[in-house]
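Have a look at the structure below before the remarks.
Remember, it's a predicted structure, so these values are computed and weren't measured experimentally.
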Amino acid sequence: MTSGERHLSSEAQRWDGETGEKWVRNADLLDGMLAPFSDALLEAIGASSFECPLDIGSGAGSLTLKLARRSPGTTGLDVSSPLITLARRRAEDARSPARFVLADAAEYAPDTKHDLLVSRFGVMFFEDSVTAFSQLRRAALSGAPMHFVCWREPKRNPWASLPARIAREDLGLELRTPDPEAPGPFAFAMEDRLRGILSDAGWRSVAIEPLVKMIAIPGNNAREAAGFLVELGPLARPLEEAGVPREALIDKLCEALPEGQNGKISLLGEAWFVSAKA
């Protein structure tokens with residue numbers, strides 16, 4: 001199917017367009033920022049060898065390429081053309097056997113079923129989560145494990161919530177409050193909802209545990225870190241829609257960020273670590 005024939009949801013269209021392009025431009029920085037969560041997934045998998053792992057919402061392919069070092073049959077799946085293009089280029093440069101598929105998880109039907117499914121913050125953007133997870137279960141061998149990480153509430157993640165709080169409290173701006181259950185970074189923040197989605201999709205032995213890491217915000221000083229959070233944080237779109245003056249927000253955000261070591265800023269990141277079996 002060509003890109004012109006693809007039928008994408010509004011969320012997928014953003015990832016296939018401007019949002020995906022923005023992540024491509026900042027892929028190395030984002031991979032570094034999220035590396036502690038990739039490491040947690042790899043640690044959970046351990047030394048086990050799998051024939052055909054699937055990385056869901058694989059983005060620029062960082063986790064996929066790491067998995068492919070131990071499991072050459074690894075596939076990365078993403079709906080974003082810009083990110084898949086970058087991932088394929090990275091694989092070619094690294095001479096990695098990893099392959100990357102441009103497709104919507106809700107429609108993904110591989111020729112060979114997967115014996116492991118993983119995702120680093122790639123599963124929260126489905127238009128219909130039950131449908132997508134049901135299709136992913138059908139794409140897995142019976143009993144195959146799935147491990148993924150997804151964000152908890154914004155209030156537990158100051159790297160995400162701080163810019164919006166400052167915009168409201170210090171700059172007096174009204175921001176659109178996103179639907180907490182709409183596709184987006186925090187769609188699975190509530191444990192009961194997440195557990196219900198996986199159960200309805202037919203996944204078994206669901207385990208959901210908190211995972212807390214310190215996140216190194218890209219930038220050599222507070223101002224660069226603040227600029228990164230305003231530009232690429234999950235609330236970037238609501239901030240832009242509200243007409244938040246970027247430089248004024250960065251000024252205030254610099255004052256609120258904790259003092260970092262050698263200018264480097266780290267903030268708390270809280271996620272769910274989710275495991276289940278097909």
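- A salt bridge links Arg156 to Glu153: one of the charged nitrogens lies within less than 4.0 Å of a carboxylate oxygen.
- In this structure, Val24 and Pro82 approach most closely via the heavy-atom pair CG2-O, 3.4 Å.
- Scored by the side chain to side chain contact (heavy atoms under 4.5 Å, CB included) test, Asp39 finds Lys66 as partners (sequence neighbours excluded).
- Looking at Arg223 and Glu247, a side-chain N of the basic residue comes within less than 4.0 Å of a carboxylate O on the acidic one, giving a salt bridge.
- Taking the ring centre of Trp272 as origin, the terminal cationic atom of Arg152 falls inside the region bounded by 6.0 Å and 45° from the ring axis.
- By the rule that hydrophobic residues join a cluster once side-chain heavy atoms approach within less than 4.5 Å of another member, Val101 and Met146 end up as members of one cluster.
- Side-chain atoms of Glu270 and Leu211, non-hydrogen and from C-beta on, never get closer than 4.5 Å to each other.
- The shortest distance between side-chain heavy atoms of Trp23 and Leu232 falls below 4.5 Å.
- The distance between the ring centers of Trp151 and Phe188 does not fall below 6.0 angstrom.
- The two residues Pro185 and Phe125 make their nearest non-hydrogen contact at N-CE2, 3.7 Å.
- Residues Arg120 and Asp55 are not paired through a salt bridge, judged by the lack of any N-O separation under 4.0 Å between the basic side chain and the carboxylate.
- Here the straight-line distance linking atom OG1 of Thr74 with atom CD of Glu51 works out to 10.0 Å at 0.5 Å rounding.
- Rounded to the nearest 0.5 Å, atoms OG (Ser62) and CZ (Arg90) are 6.0 Å apart.
- A donor-acceptor pair under 3.5 Å links the side-chain atoms of Trp203 to the main chain of Phe133, judged by distance alone.
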- Message: Asp16 vs Ser80, test: side chain to side chain donor-acceptor pair (under 3.5 Å). Steps then yes/no.
- Response: CA-CA 4 Å; Asp16 199 45; Ser80 171; 4.9 Å; no

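- Using a 4.0 Å cut-off between charged side-chain N and carboxylate O, Arg195 and Glu191 make a salt bridge.
- Proximity of a side-chain donor or acceptor of Arg193 to a complementary backbone N or O of Ala187 within less than 3.5 Å is detected.
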